[in-house]
Structures are given as C-alpha cells and as structure tokens.
Amino acid sequence: MSLFKTRDWWSRSVGEEEEFDQGCLCLGNIDNDTNGLDKIIIGSFQGILRIYNPNPSNANSVEDVILEHAFKQPILQLEVGKFSSASESQKLAILHPRKLAVFNVSVLSGTVEHGSQYQLSLLYEHNLQRTAFNFCYGPFGGVKGKDFICVQSMDGTVSIFEQESFAFTRFLPGALLPGPIRYMPRLDSFVTATSSWKVEAYRYQVLAVASETAGREETQNIKSGKKIAVDWSFNIGEQALDLVYVDYPPAQPFIIVLGEHTVFHLTDNGMLKTAKKLEYDPSCVLPYASLRENKVNYLVGAHTKSLLVYEDTTLKWMAKTEFVPVQLRIGNFSGLKAGIVGLSDSGHLEVMYLGTDPSVFTPPQVEAREINFAAMEAEMAKLMKHVKAKSTNSDPTSWLLDDMITPSVKPEDDLSIYVHVNPNLDEVSMASGMDYQDEDGVPSTTVRIQMKSRLPLENVKLEITCPWPLGCTQSEFMIQRIDPGSPSETFVAVFQRYKGLPSHLYVHISGTFTSAAGGRCVIVTKANLPTKLFLKPVFPVKNAVHKITIDTNRPPVNLNDIFPDMLGQNEGGQGSALGFQFLGGGPVVSLLASKTSQRYRLQSDQLEAIWLPLRELVGRLNNHLKKGQGDFRVSFDGALPLQEYFELIDFHFDLRQSNLQYRELLSQRAAQFRTIQKRLLTRFKDKTPAPLQNLDTLLEGTYRQILALADAVEENSQAERLAANNLSSATYLLNILLKLWLDMSDEEFKVLEATLSPIVSSSEDQGWEETVDASITHLLRTVMAKSAKDQAVNPSPLTPPEDTSKVKKHIALFCDRLGKGARLVEGLKENKEKVVKKHSSSSLVEQSEIIEDKTPVDEMLKGKHKSGQKKKRDKTLGLPQRDQPFSENSLLMKEEDDYKAKSRLKSLVPDLDVLTKDMDDMDDNSSRTNDEDDSHEIVYSL
C-alpha cells in the first residue's frame, strides 16, 4: 500500500445513476479561447453532455458547468479535433450507436452580470448503417490541417469519413468482436486489437484501394469486399483493454498495449520492445511525457484504487485514489498545469495532482491541571472489576456488553446450529431415487436444522452430508439472511438411497458464512440417526456363520424393554431373542439373551453386519442399567474375528489392484486406438489410393475393447466402494471389541480409532492398507515397543504394497501386544495380560457352548424359523468369498486363482483375431488371404 494519496484539486459527482466508460472523457480548448486552457468534456451512456471549466475557488459547483445538453441517444465516445473543412478551429465529435455528429461550441459575450454564454451548434452528422463501437481520428493519407474520422462497428467493419463526406467502408479480416483502435501518423496506418488476442496494423492506402465498386459510388451498406492484407500482426496472448500510440520526441514512436495482466511496448512496425507483468488488475493507461531519451512516462489506473507512474517498465510512483478510474487525461487549467483528470464508471470526476502537502495542523494547548493519583487508581480498580465480572458472566443475554469489551473471534459465537432428529419415522415416506426395492417400503425420518446468529448474517450456505448408502432430499441450502431475533429453520428428510450396509449413522451439517471481520467461517455439527431407518424387525435365525458374545456384570434384561421400537413380529414374545434385517434384502442379525448367564450374543452370516446392532445394544444397555446402577460394565472375552477381518482386507485390496490393472489396460488400448487413427488418416490423405490392410477392422475391434474396459472400470469402482464400506464397518466392530476386551479409556480409544482407522479412503496414491500399516508400525516402534532397543521413530515412506501380508501381520502383532498389557498412551499402568483368541482356520463358526442354555434358545425360537442351512454370502453387497482351509495344495490353488483373474481380464476384451476373421469372410476370396496376413502383422506391430 502506498503511503501517499493523490491530492484533490477539484472534484464533482456527475449526474445521478449515470454510467461512463472509456471514451466518455476528453479535454481540449473546445471554445477556442485565446488563453489556451483546457475544458473537461464528458458524455454518459444516458446521453447527457457536460462541459466543465474547473475552478476550485467557485463556492457553487453549478458555476463550473459552462454547457449541458441532453441527447436522445447514448454517447459512446467524444473527441476534440479539426473536423470542419471550413475552419481549422477545434470542433467536438460525438459518436452515438447509429450516428456520428460534429458540433461547434461558441461563446457569446454577455452584456449583463451573468457573464458569457456557450452554445452548441450542429455542423454536420453521418447516419451509420451499422451499430458503432468506437472511433479514432487523424490526418489520414497525410492531409495537412484536417482530421478525418474512422468509425469501427460492432461487426468489425471500419468506415472512413473525410469530414463532411463519406469515403468508404471496409471489412477487417477475421473480425469477431471490436477492440480499441488508433491511428499512427508516421506510417499512415491503423492499429487495433482483435478478439483473437492479437494486435494488427492496416495501412490506410491498402484500405482505400480495396474496393469492388469499379467506379461506382461507395456505400456503407456493403456485404462483401476484397480481403484486406495485414501490414503486421503480433500475438499478445491476452485480451487488450486499451491501446495508445505514443509519439513524444526525442523517444521513437511506439505503441502501448494494456492487457489484462501485462503492459506491452511495441514498435510501430510490430516488434516487441518490452513487456511488464502487472500484479494487479489495470483499468486504463495514459502516456504523458518523455523526460529522458528513449524513455516514456505513462500512468496506469488500477482496480485497487491506485494510480501508478511508470518510466518504461520501472515503477516511479504510486498513489491511492478515492475511486477506480476508467479513463485518465492530462490538461492545463487556471491555477494548475498538467493536472490529472480521472473519471469513474459511476460519474466521479476529479482533477488531481501527485505529491504531498505539509501538515498545517497545530495541536491546541490543553489546560494544565494537577493529577489526582488516588482518583485514577480508584477508577482503574472499578473498571478492572467490571471487566472481570463481565468476562466470567455466563448470562446468554450479556453478549452485547461482552462484545464491547472483548470482541469474539470464535465462529461458534456468530452462528449456532441446532439439529433435532425425529426419533419416529415419517408417516408418509419422503424417500425417492432409490436403486433398490424393499417389500416393506423405504422409510424416512425428518431432520430439523435451526440456525441462530449473534449478528445479522447474509448468504449462509448450509450443507448436509449423509454417509453412504444414505441420502437426503436436498443436500444444499442457501439462506439469504439470518437476523439475531429470527432464527432460520430448515427441514430435510433422510433415507437409505442405495443398497448396502452403512458404516455409521452420523449426518454432518455444516454452515459457511462471512464473519463481521470479513473472513470465511465454517461451523460443523453432527446428529445421530435412528437405527430403524435402515433396520427392520424380523424373526431371529438360529444358525449363523459369525457370532459375537459380550458379557455384563448384571443379570440379562428383557430385550423387549430395551428395543421397544424394533419388535415388529416379535412383539409379545419372551424377550430373549430378536431379529433385525437391513433394508433391500440385506443380512439378518439375530440378538439372543441368555437366561442363566449374563451374556448376549449377536450372530449373522456377514461379519460387518454385526457392527451397528452391537453398537446399538451396548448403548441401550448403558442407558437402561446405569440409571440406578452406576457400576455397570460391558466386556468381551471371546475370540477376535481377525481371520474374517483379514478376508475383507484382502478383498478390498484385490479390487484396488484390479482397478489399477483395468486402467493400465485401458490406457494401452487408448494409445493403440490413437496410433491406428493416425495411420488411417495418413492413408486417407495420400494422393495415390492404397489398401487399408484391415486397419478399419482393427480400429473397430480396439474401439469395442475400450468400451468393454470402460464398463469394467466402472463396475470395479462400484465394487471397490462397496468393499470399502464393508471394511469400514468391520473396522468399527474390531475397535469396539478391543475396547470392551481391554476396558480401554476414552483417551486410548481415540488413539485406537486414529491408528486402526475406520475411514477407508478411495485414494490411489495413499490407500487404507498402507496408511493403517504405517500408523500401527509407528505405535509398535514407539509406545508399544518391548524395550528401548526396539524403539525407532524414522517413518518409512508410504508406498502401495504388493500384498496384504505385511499389514495383516502388523495388525495381529498389534492385538497381541495389547493383550499382553501394552497401553496406547504413555504414563498409564499396564493392563493385566490376556490371551488373544483367534478363530481356527479350519472352522470359522464359534462353538455353541458359549451360551449354556441350549434348550431355552430352541424354545424362544418356537421352532418356526429353524434353518440348518447356512446362507450364501450376498454377492450384491460386495462381500468376499470364504477362504478355504489351508492344505498342501494351497499354493497351487493360489496360482490357479491368479490365472483365473488374468483370464477374467482377457475375457472382458473382444478377440481382435476373431473380429478380423469375421470381417474377412465378407470380402472377396481373391483378397481374403492377403487381408488376413496384413491384419496379423498390424496386431503384432502395435
């Protein structure tokens, strides 16, 4: 920021609600006064012409206006020059959209005290056949003492007017949109900036002779013409905002082009002299003098309300302005030489100069009085007491006074978000756009979001993010304004949109707004969704593949009491068995309560499906039994399902590897497709026809391969997302089992979830496997190290692993260290050593003696829904196949599986040889053999 400001010599606010742009300001001795002083002439898009004679000594601003006239058409541009053939005095040219008019400003000496009067009289005008954009003037063709006018239209045509008469109209080649245009007297050429980001020059003589009228009279209404030859062209690479021709001896003439980000200096024959990269957005440019040889000074106005002075490419001065200038001019006025005149787009007109004024302020003398230190100390103590009382005051209505003392900088104080989730499902479901069907319908629940603000806020963006596979009716809202007295309320319905298992039930709500300090702030909160939104009650199933048993220190309770809202068909039963099924025909999870022991069992055919019912069971048990019994505790002493968990890891990793293979094969086929296209294009461009040698068949076959591979990539991506969601649920389950098994504190559990993260990302560079492996390895080498010799803090780089053996080994070692008493937080006492139980590789079904009372379980199932068959895993949910028991042929089986995977990749791609043979059968017998040989040569050569 500059320390200096431009000095205001004279300023006025022009009109009301009028608009101005480049070309609306010019200076000149329009009244041809003998003193040679300049007058300020401005014209607005509303058609108002004003001429000012600035004089700071006039107390009344009206006296500075010497002429004001209203036209019916907008004023696009005005200039002062020798536009009359009858006189060489200064005349005023005004460009309207469809008219070019030249006026004379005359002075009538007054005979009374009111002084002189100014009159505006029309000399001549030209009606334009095309809508005008801008114009330039000069002694075209080397004429002496006269100025001709060149008008550029919106379609890129230029029309030459030799004062009162029309000369000709020409099309500029390749014109799409008009740009700034100037006349260069030394070369008798026009220079303009085109919409193709080029600066082009055209000689006047070339334009004059490029006629197809053959002696007939020239007209503006032309529809064709000879192609105009460009004298020179220079590509500046950005849009040109303004263009000025500079001719200040002793410097050589050159052109200044003001781009959006750069100032270019070009010679008048199209060569680049210098270029200055700007760090701001410029608005206008004005050269004014050459103070040293081959050096030119010029002004640049910026959108940062700054005025910068350059000498070629060197910044000499910078001053702040009160407005953004759209046009600058320099003129001589009474009492000020070389004053800078600036005009804004809203009509702020100002005559200013650079420099500094000495400060003439003299501080007034204060009355000396004797200082009373006792009174000052008493007042200071009173103020400190008041500050302390207000800083500790918890009254919510005291925020007004609190902000006066210590302004709040926390975004939570400016905006608060309150979320209420309806515990009951909607009577009329709002679910829509599902990709599955459920026989009982898809339920929905309404979420009410209320936002309260401490200060008036505008344009608050509200975003709702639901976990997959859940969705909502609308995910984004834009609240125009929130006042402190009127909070904003928004309602949205949440439902399960896709078929799958949700990994968690938290919906995140974020609000983005602009604080009073001008910074962007984000407030994030989350709400818990009801379980019955994705689970429906069914009859329990006796037999299942996976079983998890938890222990408590209290007698078992009736399940009907803790799940009153999810009974369904089980209502009125004994309360010792319940069944839950995920929507869309998902897996069934059975919940059993032992009558003789203090245990609860959850069982299902899919391990990851147990996570959310287990979370809901533990939460409801704590809420039900901790009301009057504060020492209630839930524990887990069974076998950790590591083998099943490792299968989910393998399946997710295999999908990641398949995705890389598909993409690599797709890139190869795309490269082959482009190569075939190039060869075909070469054949078609050849003047002598040559046989295609089955290149068209090969092109079609490659195209089919690309389509098949693209479909395979899409299907694999969907399966990978589903596997990632299942792995996330299984990770949540393993973490909560470890917490219950080791009775972890909340601090340790946070470290556990940060290490064995349940958030499975889909990044190709840093996947879940390598991230978790690095986190666990860090803990094993630091906090959980057996001795100081085993400790190491140098992390290994994150690289995609070749297989999952390393991460599975580290997870098993991690659980073993935890079972032996290791703690995740330093300074805590070691736990009692426990044995890590794992499922046998030959049998993954937990033994039934964990629940001792077999007969009561059979009775509570009532014999209606017994099923001795194990359900197959639902492939639509993306779950892996079970690992077979290890045997001596396991290595051969693994190699066979790899061979099958590669065969599956090849099966997705059509055989090019078969395609070629089919196409050759359609050809003549005489050329079939040659075509087949050529086709095979191309396949192997590519």
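FYI, the numbering just counts along the sequence from 1.
The main-chain N or O of L824 is found under 3.5 Å from a side-chain atom of E748 such that the two form a donor-acceptor pair. Using modelled atom types, no side-chain atom of T804 and backbone atom of D650 make a donor-acceptor pair closer than 3.5 Å. Judged purely by atom type and a 3.5 angstrom limit, N716 uses its side chain to pair as donor or acceptor with the backbone of L655. Of the possible polar contacts, none joining the S444 side chain to the F495 backbone as a donor-acceptor pair under 3.5 Å is found. With N622 contributing its side chain and V618 its backbone, the two residues share a donor-acceptor pair below 3.5 Å. No donor-acceptor pair under 3.5 Å is formed between the side chain of S503 and the backbone N or O of N725. Not one N or O on the side chain of T755 forms a donor-acceptor pair closer than 3.5 Å with the backbone of S775. N735 places a side-chain N or O within 3.5 Å of a backbone atom of L756 that can act as its donor or acceptor partner. Counting only distance, with no hydrogens or angles, the side chain of R817 and the backbone of A822 share no donor-acceptor pair below 3.5 Å. Looking at Q766, its side chain never comes within 3.5 Å of a backbone N or O of T771 through a donor-acceptor pair.
Contact check for L612 versus T531: no side-chain heavy atoms found under the 4.5 Å cut-off. Inter-residue side-chain proximity for Y418 and R448 is flagged as unmet; no heavy-atom pair is nearer than 4.5 Å. With contacts defined as side-chain heavy-atom distances shorter than 4.5 Å, the pair D551/S635 qualifies. Side-chain contact between N528 and H504 is absent, with no heavy atoms from C-beta onward closer than 4.5 Å. Q496 is not listed as a side-chain neighbour of D438, based on a closest heavy-atom distance of 4.5 Å or more. Side-chain contact check for P587 versus L501: some heavy-atom pair is nearer than 4.5 Å. Residues I449 and V447 meet the side-chain proximity criterion, which asks for heavy atoms closer than 4.5 Å. At a threshold of 4.5 Å between non-hydrogen side-chain atoms, the residues M566 and L578 do not count as touching.
P537 and L567 get closest at one heavy-atom pair: CB-O, 3.4 Å. Taking all atoms of both residues into account, the shortest heavy-atom contact from V634 to L740 is O-CD2, 3.6 Å. Contact record, M434 with V442: CE-CG2, 4.0 Å, taken as the closest heavy-atom pair. Across P613 and L535, no two heavy atoms sit closer than the pair CG-CD1, 4.2 Å. Shortest non-hydrogen contact noted between S510 and I417 is C-CD1, 4.3 Å. Taking each heavy atom of S757 and A754 in turn, the nearest pair found is CB-O, 4.3 Å.
At a cut-off of 3.5 Å, with distance as the only test, a side-chain donor of D426 or T446 sits close to an acceptor on the other residue.
Partner of Y600 under the side-chain contact (heavy atoms from CB on, under 4.5 Å) criterion, out of L614, L592, L621, I548: L621 alone.
More than 12 heavy atoms of other residues, nucleotides or ligands shown are found within 6.0 angstrom of CG on L813. Remark: Q474 CD is packed, more than 12 non-hydrogen atoms of other residues, nucleotides or ligands lying under 6.0 Å away. Taking a 6.0 Å sphere around CE of M430, one finds it holds 12 or fewer heavy atoms contributed by other residues, nucleotides or ligands.
Between D743 and R633, none of the side-chain N atoms (NZ, or NE/NH1/NH2) sits under 4.0 Å from a carboxylate O, so this pair counts as no salt bridge. A salt bridge is defined here as a Lys NZ or Arg NE, NH1 or NH2 lying under 4.0 Å from an Asp or Glu carboxylate O, and K820 with D816 meets this definition.
The ring-ring contact (aromatic ring centres under 6.0 Å, His included) contacts involving residues 747-771 comprise nothing, where partners must be two or more places apart or lie in separate chains.
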Begin from the C-alpha positions of N424 and K532 and carry the test side-chain contact (heavy atoms from CB on, under 4.5 Å) through to its verdict. CA-CA 9 Å; N424 300 320; K532 55 186 177 182; 3.8 Å; yes
Checking side-chain contact (heavy atoms from CB on, under 4.5 Å) for the pair F563/L617: CA distance, chi angles, key distance, verdict? CA-CA 9 Å; F563 288 94; L617 173 63; 4.0 Å; yes
Apply side-chain contact (heavy atoms from CB on, under 4.5 Å) to residues L529 and F534 and explain how you reach the verdict. CA-CA 10 Å; L529 299 173; F534 61 91; over 6 Å; no
Show your reasoning for whether side-chain contact (heavy atoms from CB on, under 4.5 Å) applies to D637 and W741. CA-CA 6 Å; D637 198 21; W741 180 45; 4.3 Å; yes
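In this view, R656 and E769, E770 satisfy the side-chain hydrogen bond (donor to acceptor under 3.5 Å, both in side chains) rule, not counting sequence neighbours.
Taking the centre of each ring, Y436 and Y498 stay at or above the 6.0 Å mark.
Atoms CZ and CG, on R721 and N726 in that order, are 12.0 Å from each other to the nearest 0.5 Å. Interatomic distance, I550 CD1 to R599 CZ, rounded to the nearest 0.5 Å: 11.5 Å. For the atom pair CD (Q718) and CD (E714), the distance works out to 5.0 Å, reported to the nearest 0.5 Å. Note: F651 CZ to L722 CG = 8.0 Å, rounded to the nearest 0.5 Å. The distance from atom NZ of K808 to atom CG of D803, rounded to the nearest 0.5 Å, is 8.0 Å. The CD atom of E608 sits 9.0 Å away from atom CG of L727, with the distance rounded to the nearest 0.5 Å.
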